[in-house]
Protein chains: 2
Amino acid sequence: MKITIKDVATEAGVSIATVSRVLNKKNRVKQETKLRVQQAIHKLNFQPDHTARSMIMKETRTVGLIVPNLSNEYWALLAEVIQDKLWEHGYSLIVCSTNKSADKEMAFVKSFTVRRVDGVVFGSSTLFGSSRHDEQLANMLKSLPTVSIDPSISGLNSVVGDNLQGATDAVEHLIGLGHRRIAYIGGPTVSKQRELGYRNAMMNHELPVLEELIKRGDDNTIAFSSFGYHSMLSLLESGEKFTAVFCGNDLIAIGAIRALEDRRIQVPADISVIGYDDINIAALYKPSLTTVRQPMREMGSAAVDMLLELIQCPDGNNVPKKIVYQNQLVQRESSGPAR
Amino acid sequence: MKITIKDVATEAGVSIATVSRVLNKKNRVKQETKLRVQQAIHKLNFQPDHTARSMIMKETRTVGLIVPNLSNEYWALLAEVIQDKLWEHGYSLIVCSTNKSADKEMAFVKSFTVRRVDGVVFGSSTLFGSSRHDEQLANMLKSLPTVSIDPSISGLNSVVGDNLQGATDAVEHLIGLGHRRIAYIGGPTVSKQRELGYRNAMMNHELPVLEELIKRGDDNTIAFSSFGYHSMLSLLESGEKFTAVFCGNDLIAIGAIRALEDRRIQVPADISVIGYDDINIAALYKPSLTTVRQPMREMGSAAVDMLLELIQCPDGNNVPKKIVYQNQLVQRESSGPAR
DNA sequence: GTGAAAGCGCTAACAC
DNA sequence: GTGTTAGCGCTTTCAC
């Protein structure tokens, strides 16, 4: 049988109200009774029921997190940072990974409302369109204190990385190195902003954007690295000339490099390759990857700050904010001067 | 104002009990009233309060997970698998990462009891000794339906990988390739079983275990890859001869390979390297890593099965079980015949 | 300072 | 079939 506040009250010879008072250290209790109660608590090893408390206080001290998956380092790190910071403020984190299923996404949010979480952090790479489904999801999200990471959903607070700028910088770095024919391998579920950055840089320098040099793919189930591998192969086989390739993320870049090596093409001597995200392995890979860093720790931390503020003053001004983090080019071995 | 069961009852012109009945589809309700209630629920967009329900039902449909960290692919994958499977059974997952802090570990478990989670999955690489602290932790864990992953704590159900056997196989593979002087780089927080496997294989073949060829390290804060890098450097500088090295995990192996490459030593032509875990990058790395695979998906899935059983029949036979998964050697490019 | 009592939103007897 | 009522374990007025 679980120990309740009643047992403690009996043990200490006081009323449950008094026990509650020492538990919440709000109203002052006579030092002597307080001590008696504390002893009783200790003796019975009483743990106040969080569930009952939640019901009255109308707060669960729980927040929900939605991410596409955890096997992606990017999201795993985010989850870790968020959990860590939330914990410092007394909150627990329910983590949900969608595996890119829109249905699950919806079901998770629904479960968050039912569970009365105090807030939610929404990270998702499913492209937010204006479909019936997305609209419905956005509405559910809006009824909860929510901050969105990465997709910036109109009407919601969000923290995002400047993918457009990061991608532009990456491609301009390539152009600065003398490259003119630059390919782009985007991959499924990669931010459209990155492709846009590629186009932006090319246009800025009046370089033609050749659709033959662009690979996108839409198969969610394929691993990024193998997508990169096969895209590179098909690029090579197309016969189109190019001296550099900008990839939608690091895993794609690694796959692409593998394909080049298999064909005895040197990186960066023959072809330069750039990735995105700066995952752990980027610095360790051989050749180490030139890439663009998303400041995940900062983004996660900022998201928590925003969320906590939303939770604490629900009536605060509700003009949605967006925090945009700069993405930084990290030059390493995989990019070099054009032949 | 939140919509409650009362509002629905009023709207539908029935009592709250009837609403509850259609909600729980237990006792049968007249088709007609049921319809009226459902319409009211829909119209008011009523979401039954999970918190209130939990209090009565004495179950929160929540389980807690403790892992050292999420930035480690190994644990991230585990968390993902567990969350996924739990969700299918209607449970949510609270994820906590300890960053190897014993204090946090304890605090998390305490919060789990307070939050009345229905069960906990405990994964931790902190070596379980018999210290005062560990004993206390084990006791708290035992008061909850718990299954432990990796450390097998006496008195708890657990699912583990056979690190001893996996490591033995790896080193015997090296020995089979003609290697005689084999080094071991263990790293902080790496399962002791792996070192034991190394020693086991050496002994099986009557090969001397040279302490000079063993690197362990105890600095929790250092990244595995850089630990591998520096350990390899120090091994090289020690002047001791060796033709192969078995590493405590893949990241350490990658660090070690980087060090060898920096010294213009070829892998595997000059020195063979083996890792452990078979993380994603292992197959992608150049050279691809010979390693030992821990079947994380299976382990996570088994843990959930065990936990669910524990939760569903708390009075079941309580002889703790342990499921041991074989670890499989995966031969790739980084190991080859001894010179 | 402290206790009695009224709920929080729901489920589960127990009547009718 | 459906309504009434008594809680679940706590916090919080409101008296004293």
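Only heavy atoms go into these numbers, but all of them, side chains included; no hydrogens, no water, no symmetry mates. Proteins come first, then strands; the chains are lettered A, B, ... in the order of their sequence lines, and each starts at number 1.
Partners of A/Asp7 by salt bridge (Lys or Arg N to Asp or Glu O under 4.0 Å), not counting sequence neighbours: none found. Under the side chain to side chain donor-acceptor pair (under 3.5 Å) criterion, B/Asn163 pairs with B/Arg194, not counting sequence neighbours. Taking A/Lys104 as the reference, B/Asp84 meet the salt bridge (Lys or Arg N to Asp or Glu O under 4.0 Å) condition, with sequence neighbours excluded. Taking the salt bridge (Lys or Arg N to Asp or Glu O under 4.0 Å) definition, one finds that A/Arg115 meets it with nothing, sequence neighbours left out. Every residue meeting the side chain to side chain contact (heavy atoms under 4.5 Å, CB included) condition with A/Ser54, not counting sequence neighbours, appears here in chain and number order: A/His50, A/Thr60, B/Thr51.
Contacts between residues 15-22 of chain B and DNA chain C, counted as heavy-atom distances below 4.0 Å, involve B/Ile16, B/Ala17, B/Ser20, B/Arg21. DNA chain C lies under 4.0 Å from at least one heavy atom of each of the following residues of residues 35-59 of chain A: A/Met55, A/Ile56, A/Lys58.
Bracketed by its first and final contacts, the part of DNA chain D lying under 4.0 Å from non-hydrogen atoms of chain B reaches from D/dG1 to D/dG9 in 5' to 3' order. For DNA chain C, the span of nucleotides reached by chain A at under 4.0 Å from its heavy atoms goes, 5' to 3', from C/dG1 to C/dG9.
Using modelled atom types, no side-chain atom of A/Asn24 and backbone atom of A/Lys26 make a donor-acceptor pair closer than 3.5 Å. With A/Thr146 contributing its side chain and A/Leu141 its backbone, the two residues share a donor-acceptor pair below 3.5 Å. Side chain of A/Asn157 to main chain of A/Lys321: a donor-acceptor pair is present (N/O by atom type, distance under 3.5 Å, no hydrogens or angles).
Two residues, A/Ile5 and A/Asn27, neighbour DNA chain D, and the one matched to the more 5' nucleotide by heavy-atom proximity is A/Ile5.
Within the 4.5 Å cutoff, the side chain of A/Val109 has heavy atoms near those of the A/Leu137 side chain.
Among the heavy atoms of the strands lying under 4.0 Å from A/Asn24 are primed sugar atoms or P, OP1, OP2 only; no base atom is included.
In summary, A/Lys2 and A/Asp49 do not engage in a salt bridge, as defined by a charged side-chain N under 4.0 Å from a carboxylate O.
Listed by first then second residue, pairs satisfying side chain to side chain donor-acceptor pair (under 3.5 Å) with a partner in residues 31-47 of chain A read A/Glu11-A/Lys43, not counting sequence neighbours. Pairs of residues two or more places apart, or lying in two chains, that qualify as salt bridge (charged side-chain N to carboxylate O under 4.0 Å, His left out) and include a residue from residues 57-80 of chain B are B/Glu59-B/Arg61.
Neither side chain, A/Tyr325 nor A/Gln294, offers a donor N or O lying under 3.5 Å from an acceptor on the other.
More than 12 non-hydrogen atoms from other residues, nucleotides or ligands lie less than 6.0 angstrom from CD of A/Glu298. In this structure, B/Lys142 places its NZ atom where more than 12 heavy-atom neighbours from other residues, nucleotides or ligands lie under 6.0 Å away.
Counting only Watson-Crick and G-U wobble pairs whose two distances sit under 3.5 Å, DNA chain C takes part in these stems of three or more pairs: C:1-16 with D:1-16.
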